[in-house]
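As structure tokens, the structure follows; a few thoughts come after it.
For ligands, and for the atoms within them, numbers begin at 1 and follow the listed sequence.
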Amino acid sequence: MLNEALPGEIRFATVVGAGLMGRRIAGVLARGGADVIVHDARVESIDEAVEVARAMAADSTNPGTVTGSDDLAVAVANADYITEAIIEDVEAKASLIEIISALNDHAIIATNTSVLPVTSIAARATNPERVVGTHWWNPPDLIPIVEVVKGEHTSITVMQRTVALLEHLGKLAVWVERDVPGFVGNRLQHALWREAIALVSEGVCDAETVDLVCRNTIGLRLAQMGPIETADYVGLDLTRAIHDAVLPSLNTDGVANPLLTTMIERGDLGAKSGRGFIEWPAGRREERAAALAAHVSSQLPT
Ligand SMILES: NC(=O)c1ccc[n+]([C@@H]2O[C@H](COP(=O)([O-])OP(=O)(O)OC[C@H]3O[C@@H](n4cnc5c(N)ncnc54)[C@H](O)[C@@H]3O)[C@@H](O)[C@H]2O)c1
């Protein structure tokens, strides 16, 4: 039986996988009043996560508690809402959820995945109707959207209660009706990246030009007006005419661009190796991360 107490009174939540995402999701839950237990396969991660999540909840008027447990069975036993945020691997997530669902028969079980099929992740759960996809974006406490994804077997009630819980936590929860790889946000994002990389690999322009054009055209607009509203705004007749002219030559490869493989084999992995499409001298990654965080914060409603 699902616990019916959610979400007005989320009481007990568990986060399994307390890395970059999990520890901050734990903080959001505790800030919203849930008593949270964090669990991770790495004991050091548990301690770090408890510290981060407690600090995040400290400014709440009604914070929940945050504790850690290195015993998965103890961590999930009393939870009303369990979210996993372990590595992005279908098999690892599916076996974890199989175990969790056997340890707790009443909680909603959310899988935090960026692109993986929720249905496959839920496949071995004792009752897959209570497994739901929740795609939080990084950093999860700052980026407003959480995509709530209906797997093939996810029940409507579980979808509704997950949306209500996330709204209670102050998130902008959106309902994704079909479980397609990448859901909504990452499909849009990677359609753009595919064309961006194709423009470079086909010699249309250099890598710097792609980003310069993107940042100073559509990048300036998108936070205010999305592609669907923009299509209406410019007119659907014009949109169709542009599509007729442009779509036939857009990249439609169903695999990653071979240029990526060439660069990876050369050891050019991007910021982490010092070179990718552009040069990454020491300090540039940190500088860009800070600039990005400052920009995102400045765009958010206060
Ligand atoms: N990093 C991002 O920008 C981002 C954004 C959105 C979604 N996500 C998704 O969130 C999930 C977590 O990503 P992350 O960046 O926080 O990863 P991470 O590597 O920082 O953290 C993963 C944690 O899971 C733990 N772990 C691994 N297997 C485990 C298991 N079986 N049981 C318990 N703990 C286990 C690891 O020890 C680690 O602490 C992934 O599915 C990822 O795709 C990440």
Which residue and heavy atom of the protein sit nearest atom 16 (O) of ligand 1, plus the separation: Met21 N, 2.8 Å
Enumerated ligand 1 atoms positioned under 4.0 Å from heavy atoms of Gly19: 16 (O), 20 (O), 21 (O), 23 (C), 39 (O)
Pairing of Glu152 and Arg178 as salt bridge, 4.0 angstrom limit: no
Salt bridge Asp35-Arg11, side-chain N to carboxylate O under 4.0 Å: yes
Any N or O of Trp137 closer than 3.5 Å to N or O of ligand 1: no
Nearest-neighbour protein heavy atom for atom 7 (C) of ligand 1, which is reported as residue plus atom name and distance: Ser114 OG, 3.0 Å
Min heavy-atom dist Lys93 to ligand 1 below 4.0 Å: yes
Rounded distance (nearest 0.5 Å) linking atom CG of Asn186 with atom OG of Ser114: 6.0 Å
Ligand 1 atoms in contact with Asn138 (distance to a heavy atom under 4.0 Å): 2 (C), 3 (O), 5 (C)
Best match, Ala85, Gly22, Gly17, Ala41: closest heavy atom to atom 22 (C) of ligand 1: Ala85
Atom 6 (C) of ligand 1: the protein heavy-atom neighbour that sits closest, reported with distance to 0.1 Å: Trp136 O, 3.0 Å
Best match, Asp70, Asp40, Leu116: closest heavy atom to atom 36 (C) of ligand 1: Asp40
Atom 19 (O) of ligand 1: the protein heavy-atom neighbour that sits closest, reported with distance to 0.1 Å: Ile87 CG2, 4.6 Å
Candidate with minimal heavy-atom separation from atom 20 (O) of ligand 1, of Leu20, Ile25, Ile121: Leu20
Protein heavy atom under 4.0 Å of atom 34 (N) of ligand 1: yes
Protein contact to atom 43 (O) of ligand 1 [nearest heavy atom, distance to 0.1 Å]: Glu88 OE1, 2.8 Å
Minimum-distance pair of heavy atoms, taken over all atoms of Ala30 and Val66: CB-CG2, 3.5 Å
For atom 10 (O) of ligand 1, the protein heavy atom that lies nearest, with its residue and separation: Asn112 ND2, 2.9 Å
Glu48 side chain reached by Arg42 side chain, heavy atoms, under 4.5 Å: yes
Closest approach of any protein heavy atom to atom 29 (C) of ligand 1, naming residue and atom: Ile86 CG2, 3.5 Å
Derivation and outcome, side-chain hydrogen bond (donor to acceptor under 3.5 Å, both in side chains), residues Thr83 and Asn112: CA-CA 7 Å; Thr83 184; Asn112 185 51; 5.9 Å; no
Whether Ser45 lies under 4.0 Å from ligand 1, heavy atom: yes
Minimum heavy-atom distance between Arg161 and Ile108, given as atom pair plus value: CB-CD1, 4.0 Å
Thr111 side chain reached by Thr134 side chain, heavy atoms, under 4.5 Å: no
side-chain hydrogen bond (donor to acceptor under 3.5 Å, both in side chains) between Glu195 and Trp193, worked out: CA-CA 5 Å; Glu195 187 56 33; Trp193 290 21; over 6 Å; no
Taking every non-hydrogen atom, the tightest pair across Val176 and Glu147: CG2-CB, 4.0 Å
